[in-house]
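Beneath this line is the structure, given in C-alpha cells, with notes to follow.
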Amino acid sequence: MSKPSIVKGTRDFGPQQMVRRNYIFGTIRSVYEKFGFQPIETPAMENLSTLMGKYGEEGDQLLFKILNSGNFSEKIGQSDVEEGYKKLTTKISEKGLKYDLTVPFARYVVMNRSDLAMPFKRYQIQPVWRGDRPQKGRYREFYQCDADVVGTDSLVCEAEIVLMIHEVMNAFGINFSLKINNRKILTGLSEAIGAVGQEGTLAVAIDKLDKIGKEKVLEELAEKGFSEDSLSKLDPIFGIAGTNQENFLKLEELFENSETGKQGIDELKQVWNYLSAFGLSEENIELDITLARGLSYYTGAIFEVKALGVQIGSITGGGRYDNLTGAFGAPGLSGVGISFGVDRIYDVMEELNIFPDNQSVTTKLLFCHFGKEELNYALPLLQMARLAGLNSEVYPDVSKIKKQLDYADRKQIPYVCIIGSEEMKSGKLTFKNMSSGEQEKLDFEEILSKLR
RNA sequence: CAGGAUGUAGCUCAGUCGGUUAGAGCGCUGGUUUGUGGUGCCGGAGGUCGUGGGUUCGAGCCCCAUCUUCCUGCCCA
C-alpha cells in the first residue's frame with residue numbers, strides 16, 4: 001500500500017529528458033571520437049580492493065558497498081562486531097559500485113596492457129555512484145563522460161583536452177571559465193615557503209581564497225602550524241591577478257629554489273605554447289594557482305570548468321596522474337584525462353534554457369481505425385511504412401476515433417491516417433495533418449511519398 | 001557529517017485565532033452530432049493533511065520524535 005519511491009539522490013528520466021541527455025552524450029561522444037578516442041566500458045561494480053584507498057579517506061566513505069551474497073554473517077563473530085564497522089565491512093562486503101571511471105580504467109589498462117596500442121586513448125560514458133548527500137547538482141548516481149590518454153607524458157594531451165573542452169562547451173552554447181593549475185606548482189609553493197610536504201593543507205586553505213579572503217586563509221594556515229616566516233613568503237601569491245603571462249613571471253621568481261615548482265611552470269607554459277599552435281585564443285583559459293581539487297591522485301596539470309551564470313559546482317574536471325596504474329602493479333604509465341558531468345551540464349542548459357528546440361523522439365505516422373476489420377487492413381500498410389523507414393504505429397485497441405486522435409495529439413504525432421469502411425472500399429485513405437488540421441483523401445503510395 | 005527550510009488531490013499550491021463536511025488551478029475521466037484531437041460548455045472521480053506519539057472538548061494548524069525533499073557548508077561531476 002505504501003507509495004512507491006526512488007532511492008535518495010537518484011532520478012528517473014522521461015522521454016523528453018532522455019532526448020536531451022542523449023543529445024549531450026552524442027555531442028561529447030562525437031568530439032571524443034574526432035580526437036581519436038575509442039570507447040570502452042567497465043562493470044558497474046568493482047572489487048573493493050580496487051576502489052579503496054584511491055580517493056582519500058573521504059572518498060572511501062562515500063563508496064557504495066555491496067553486501068556479499070548468501071549468508072554473509074556466517075564468518076563473523078561477536079569479536080568482529082565489537083571491532084567496529086570498518087573491520088566488519090571488510091568481512092561482509094568485497095564489492096562496491098564504482099566511484100568514478102578513472103580508477104576502473106587504470107585497472108583495465110593494467111589488466112590489458114599487452115593488447116593496447118600505447119599511448120592508449122579511451123573514452124567512457126557510464127554512471128558512477130557516490131554516497132554523498134544530495135543537493136543542487138549533486139546526485140548519488142550520475143554519468144561521467146571521461147576521456148583519458150595513458151602511456152605518454154606529452155603535454156600535447158593536455159592541450160588537446162583544453163581544445164575538446166572548448167569544442168564541447170561551444171557546441172552546447174555554454175559560457176564557461178576554464179581554470180588550469182599544476183600540482184607541481186602547489187608543491188613548489190610549499191617548498192618555496194619552507195613548508196615541505198604541507199602542500200595538501202596549503203592547497204585546501206588557499207582554495208578558499210576567493211570565498212573567505214586573504215586574512216582568513218592566513219589565519220587558517222597559522223592554526224594548522226605554518227610559521228610566521230612561511231606565511232610572509234606566501235604573501236606575493238595573493239597579488240597574483242594579472243594576465244597569465246605576468247603570473248608566470250611572478251611564480252618563476254618565487255620558485256627560484258624549487259625545482260618542482262619550476263617544472264610545474266614549464267609544463268604549463270608548454271601547454272600554452274601548444275594551444276597557440278592549435279590557434280586557440282586564450283580568453284577562456286585562466287591560470288589559477290588556488291585550484292587544488294580533492295582527488296588525491298593528480299600529480300601534474302589540473303583542470304576545472306565552471307559554467308558562467310549558473311550557481312552549480314564544476315561541470316568538468318580532470319588532470320594528470322603519473323602513477324595511478326602503479327597502485328595496480330604497473331608503474332611508469334602516465335595518464336591525463338577529463339570528465340564531463342552530464343547531469344550538471346543538463347542542469348545548466350535547463351536553467352539557461354539553451355536546449356535546441358523541437359527535439360523529440362516520436363512517431364511520425366499513426367494509423368487510426370474504426371474497428372477490427374479496419375485495424376487488420378492497416379497492418380500491411382503499417383509494415384510498408386516501416387519498410388520505408390518511417391517511425392509509425394497503429395492504435396492497437398478498437399476505440400473511439402476521438403481517443404485515438406487525442407493519443408496522437410498527446411504524443412505529438414504530426415500525421416495520422418484514418419481508416420474506415422469508406423476508405424477500405426475506395427483505397428483512398430484519410431490523411432490528416434495534426435498541426436494544421438487539414439485532411440485529404442489519398443492513396444497510401446501518395447501518403448508515403450509525401451512523408452519521405 | 002554540520003546549519004537552514006520543506007512535506008495538504010496525479011502536479012503547482014491556498015488553508016485566517018486551533019472550531020462544522022479540507023479548497024483552487026492545472027491534469028485525469030465522462031458527456032456536449034455514435035467518423036475527428038489540440039480552444040468552449042456541463043458533470044464526475046480523486047486527500048488517513050509525510051509518519052509515529054503528545055497537548056486539547058476539538059489539531060492540517062501547537063509540542064516532541066522520525067523520515068523525505070530542497071538549500072548552504074565541506075567535498076565533488
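Atoms considered below: every heavy atom in the structure, side chains included; atoms not considered: hydrogens, waters and symmetry mates. Order of the sequence lines sets the chain letters (A, B, ...), proteins ahead of strands, with each chain counted from 1.
Rounding to whole angstrom units, CD1 of residue A/I338 and P of B/A77 are separated by 12 Å. Rounded to whole Å, the distance from OH on A/Y99 to P on B/C75 is 12 Å. Between the C1' atom of B/C75 and the NZ atom of A/K306 lies a distance of 12 Å, rounded to the nearest Å. Atom CG of A/L62 and atom P of B/C75 are 13 Å apart (whole Å). Summarising the geometry, the separation between CH2 on A/W129 and C1' on B/A77 is reported as 15 Å, rounded to the nearest angstrom. Rounded to an integer number of Å, the gap from A/E141 CD to B/A77 C1' is 14 Å. The CG atom of A/L178 sits 15 Å away from the C1' atom of B/A77 (whole-angstrom rounding). Straight-line distance from the CZ atom of A/R133 to the C1' atom of B/C75: 14 Å, rounded to whole Å.
With 3.5 Å as the limit, one finds a donor-acceptor pair spanning the side chains of A/S435 and A/N433. Counting only N and O atoms by type, the side chains of A/K411 and A/Y407 include a donor and acceptor under 3.5 Å apart.
Rounded to the nearest Å, the gap between the P atom of B/G35 and that of B/U39 is 22 Å. Rounded to the nearest Å, the gap between the P atom of B/G25 and that of B/U32 is 24 Å. Nucleotides B/A59 and B/A2 place their P atoms 34 Å apart, quoted to the nearest Å. The P atoms of B/A77 and B/C17 are separated by 49 Å, rounded to the nearest whole Å. Between B/G18 and B/C1, the distance separating the two C1' atoms is 38 Å to the nearest Å. Across B/G58 and B/U21, the matching C1' atoms stand 15 Å from one another, rounded to whole Å. Nucleotides B/G15 and B/C61 have their C1' atoms positioned 9 Å apart, rounded to a whole Å. Look at the C1' atom in both B/U16 and B/U33: the space between them is 49 Å, to the nearest Å.
Toward the 5' end of RNA chain B, the nearer of the two residues A/Q311 and A/V7, judged by each one's closest nucleotide, is A/V7. Residues A/I315 and A/K136 both approach RNA chain B. Their nearest nucleotides, taken by heavy-atom distance, put A/K136 toward the 5′ side.
Taking the centre of each ring, A/F355 and A/F172 stay at or above the 6.0 Å mark. The aromatic ring centres of A/Y55 and A/Y99 sit less than 6.0 Å apart.
Summarising the base pairing, B/U29 is matched to B/G43 through a Watson-Crick or G-U wobble pair whose two defining distances lie under 3.5 Å. The base-pairing partner of B/C61, taking Watson-Crick or G-U wobble contacts with both distances under 3.5 Å, does not exist among the strands shown.
Cation-pi geometry between A/R21 and A/F13 is met: under 6.0 angstrom from the ring centre, within 45 degrees of the axis. Geometric assessment of A/R122 against the ring of A/F105 yields a positive cation-pi assignment under the 6.0 Å and 45° thresholds.
Within the nucleic acid shown, A/Q144 comes within 4.0 Å of sugar-phosphate atoms alone, with no base atom in reach, counting heavy atoms only. Residue A/F340 is out of contact with every strand shown, counting any heavy-atom pair closer than 4.0 Å.
If you check B/A77, B/U72, B/C1 against the side chain of A/S339, the one that comes closest is B/A77.
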Query raised in the report: Does the pair A/R140 and A/K8 meet the rule for a side-chain contact (heavy atoms from CB on, under 4.5 Å), with working shown?
Result: CA-CA 7 Å; A/R140 289 182 146 187; A/K8 185 200 285 204; 3.6 Å; yes
Requested in this report: Scan nucleotides 30-37 of chain B nucleotide by nucleotide, 5' to 3', and note B when protein non-hydrogen atoms come under 4.0 Å of the base, S if they reach only the sugar-phosphate, - if neither.
Outcome: -SB--BBB
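With hydrogens and angles ignored, no donor-acceptor pair closer than 3.5 Å exists between the side chain of A/R138 and the base of B/A77.
Taking all atoms of both residues into account, the shortest heavy-atom contact from A/S399 to A/Q404 is O-NE2, 2.7 Å.
In this structure the side chain of A/R107 reaches within 4.5 angstrom of the side chain of A/E46, judged on heavy atoms.
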